[in-house]
Amino acid sequence: MASIGLGDYDKREVKVKWRFEYIRRYGFHSRTLFSLEAGRRCETGEGFFNFLVHQNQEHLTSALDKATRVNKEDEAFSVATPGRKSHKTMDPQCRAQDVLRCSICAISIPSMHCDVCNICLCKSCVGEHLSDLSKSHKVVPFEQRSSTPNYPTCTQHTTRHCELFCEQCKIPICVQCASSQDHRRHEFVDIMTIFERKNKDLQEDLKELEKSIYPNHQKFASNIQIKKANLKEKTNVLTTDIDTQGEIWHREIDAVVKILKSKINEIESYQIGVLDKQQEEINQIIFEIQQVILNLKKVLVSNDMSFVFCNKSRNTEFRNLPPEVNVSLPRFHSQKIDTKKLQEQFGSLSSMSDSMYENESAMGNLVSDVNAEYENEFTINTTGKEASMPKEPKIIVARNAGQGVLNSLVWLNDNEIWTSGQDSTIKLYNLQGELLSSIQTKSGNWPWDIAITRSGDLLYTDPKDRTVNKVRSNQIQVVTRLESWWTPRSICGTHTGDILVLEVSYDEKQTQVVRYTDSSKKQTIRVNRNGKPLYSFGYYNKFICENKNLDICVSDYGAGAIVVVNQTGKLRFIYTGSPGTTEGLFLPSGIATDSQSQILTAESNSQCIHIIDQDGQFLRDIKHNDLHFPRVLCMNNSGNIFVAEWEAQVFDVGVQETETSRRLNLENGANYKLFVTKDSIDLGDFNRQEIKIKWPLKYIRRYGFHTRNLFMLEAGRRCETGEGCFNFFIDRNQKELKMAIDNAAYDQSEGAFSVKFRTLRN
């Protein structure tokens, strides 16, 4: 029996099979969109199935036509006359003129219509349709089709139809449901009222899509082609100018000619790449709009309330056009000939336009800073594995000489840096460790994170007060106060003057990135295209920064990943560490970017700084014997890396077996390192650079020495180990261990901090 099957080739499994004799029609809607309409006798039931076919479209059509001709089971499905298509095959050139056929025999012209099943019938097939007693039918003349409302079937009482709509539950219900306890004291309205309201909304959506959104996107796509052609033409003019100047200099300047032509080609390639990328995105959006229009038309024609209630409008998603790319090319400036300075005198390319985006309102005045790609006249900056930072960047470690933990660093200029810790004062130091200025937070709470705007103003977040604040001329103003459900955490300024804030819900089960222009919320990034969260939940630290290419980069300690989205919020990549360099878990903390759009992150587990390119490819890592547990970092314009560490004291201990240690597979008598930080006590292997257990100080019930050499720690139930006692042998520095924990416990209260800077020697 000839058929079309849908299955998994690798698993050798056929999931769906449509027999040719029951297929109503098939064909291509567009070059890559193949459609198949199954009849009610197919195992899937009646309905449309759409498939994307990226290659071999002609082979698919040929195979189906051949199978149709050799199918002897149904004469009506065969091609009777050479060169004439079957009425069941949708001709791409005239599919809109396809004759309507009976839904059962698929041969006769229908004269009747079943309003309940929403199918067309010829007179000879009416009896066969009415013989289906699984549901009631209402057959009317074809001209009177869809005159009877097709009420949805009640999910609780399958023999009844829903004629009411519950305003409280927002669902259709039947009369019997209305009298039940589940809907007691609820308000009901006639379902036709809701249906007409929903139908009107769908018509408005369709009208806006067809009259405004779809034409605007088509116009946008056509403009890209025009700009590409103009770009190519202008590129040719530039190349000709350079060739003309090169003929004057002959062989002496051939090398310089090649350098400049190569640079122009790089610029053209970059611009074409930007346009190609945007064209691909706009084409995808146009395709989705086409599908939405097609689906809405089917819903409106079907008169099926179930489809109407299930439909969700996507007009808001499509309403705003993406930022428009404004491509431009530099000009060539010829110079007088000086044989001693050939490379300088031959000429140079003018600076690029600062803005590539004309439609700035669509994404909060986004501006692409592309000048950094061409800062050196005869050097092309590239991304990927060829690009790298200076071989030995200067690493400056900021260490807290007071109480609490150093939470954040942000440079103001090459010699001054803002710092914040676990008190209410934000302090400005120079690299000699001298305090230059200090700002007291408005609420008296300690800030979670600090940042600098494009204009040099200081930003900070106050989680307890739920505010984002700006400091200008020593005056603090509240930029925005978050809703009661959200608290601000990490923050950064953008190249366009906007503010990006990483926000965590009050119950710590949701995380989102929000873009603010002045005090207005312009963009929210929370989930990926499939509706799944982009970021982990929980108390784990997350840091945010914006790259030079406008990507939004978040280091997610809880997920063990760097999550990067573009300026529209679309996921670009997730970096989870390099297998060759990361031992155990990848635990990123602070994050920053450099002038080449490379991403740097502090990785405390491997005690190093990872460097990846703007596309997520690992380049290298930076390790130093005096760099321990880097936590936060930033970079200044000179390429110096400022790092703050997890401040810990280390003690050699051995494990004494207890019931809890056996449960956690800690080897009896094995040697470990005990790290005492200002937040926690950690157990790990220093040589392997691996932390096995972390006990937050606030969850430790008690600690102390049973004997001179036996140290005991009792963990509370909120610790990751669960509640239980741990015993450790320590042969020396017993007093120092006790003092370190006592000091750390004391420092849990707010206290002053002071910062000292030390440059690590290569």
Side-chain angles (χ1 to χ4, degrees), residues 224-280 323-358 367-391 495 547-551 593-599 611 613-615 617 619 637-639:
I224 293 177
Q225 294 289 354
I226 296 174
K227 290 180 179 181
K228 289 172 65 176
N230 292 337
L231 180 65
K232 184 67 176 178
E233 181 179 353
K234 293 178 181 179
T235 301
N236 292 335
V237 173
L238 279 173
T239 304
T240 303
D241 290 343
I242 294 174
D243 285 338
T244 302
Q245 184 76 349
E247 291 174 359
I248 300 174
W249 290 72
H250 299 294
R251 295 180 181 179
E252 294 179 281
I253 59 172
D254 281 347
V256 180
V257 174
K258 290 181 180 179
I259 291 174
L260 282 175
K261 289 176 65 176
S262 174
K263 187 173 182 181
I264 289 178
N265 291 332
E266 285 286 343
I267 297 174
E268 179 195 11
S269 176
Y270 174 80
Q271 301 276 29
I272 291 292
V274 172
L275 292 173
D276 286 342
K277 182 177 180 181
Q278 188 168 52
Q279 185 176 33
E280 181 181 348
E324 184 174 356
V325 176
N326 180 23
V327 295
S328 61
L329 285 170
R331 293 185 299 273
F332 176 74
H333 303 287
S334 60
Q335 302 289 339
K336 293 182 179 180
I337 297 176
D338 185 344
T339 55
K340 295 181 180 180
K341 299 181 179 179
L342 296 178
Q343 191 170 4
E344 296 178 1
Q345 294 183 352
F346 184 80
S348 61
L349 299 174
S350 64
S351 300
M352 298 282 293
S353 171
D354 285 341
S355 176
M356 290 183 63
Y357 294 94
E358 292 181 356
V367 179
S368 176
D369 183 9
V370 297
N371 285 335
E373 296 281 346
Y374 314 105
E375 286 181 353
N376 299 322
E377 186 172 345
F378 293 100
T379 301
I380 301 295
N381 292 335
T382 61
T383 59
K385 294 186 178 180
E386 297 81 13
S388 63
M389 296 174 52
K391 292 184 178 180
H495 296 83
N547 208 344
K548 293 295 185 296
N549 62 357
L550 302 184
D551 283 351
T593 61
D594 64 10
S595 61
Q596 295 175 308
S597 296
Q598 296 175 160
I599 303 170
I611 304 175
D613 67 14
Q614 63 180 356
D615 297 316
Q617 296 296 317
L619 298 176
N637 286 332
S638 300

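Each residue takes its place number in the sequence, starting with 1.
Residues Asp276 and Glu280 form no side-chain contact, since every pair of their non-hydrogen atoms from C-beta on lies 4.5 Å or further apart. Under the 4.5 Å side-chain criterion, counting only non-hydrogen atoms from C-beta, Asp613 is not in contact with Gln596.
Taking CD1 from Ile599 and CG from Leu619, the interatomic distance works out to 9.5 Å, rounded to the nearest 0.5 Å. Taking CD of Gln614 as the start and CG of Asp551 as the end, the distance is 7.0 Å to the nearest 0.5 Å. Note that CD1 of Ile267 is 12.5 Å distant from CD1 of Ile272, once rounded to the nearest 0.5 Å. To the nearest 0.5 Å, atom CD of residue Glu268 and atom NZ of residue Lys234 are 13.0 Å apart. Going from atom CG of Leu238 over to atom CG of Asp243 covers 11.0 Å, rounded to the nearest 0.5 Å.
In this view, Asn547 satisfies the side-chain hydrogen bond (donor to acceptor under 3.5 Å, both in side chains) rule with no residue, not counting sequence neighbours.
The two atoms that bring Lys548 and Ser597 nearest to each other are CB-OG, 3.3 Å, heavy atoms only. In terms of heavy-atom proximity, Lys261 sits nearest to Thr239 at CE-CG2, 4.0 Å.
In this structure, the side chain of Ser269 does not engage the main chain of Asn265 through any donor-acceptor pair within 3.5 Å.
Heavy-atom contacts from other residues, nucleotides or ligands closer than 6.0 Å to NZ of Lys228 number more than 12.
Under 3.5 Å, the side chains of Gln598 and Asp594 contain a donor-acceptor pair of N or O atoms.
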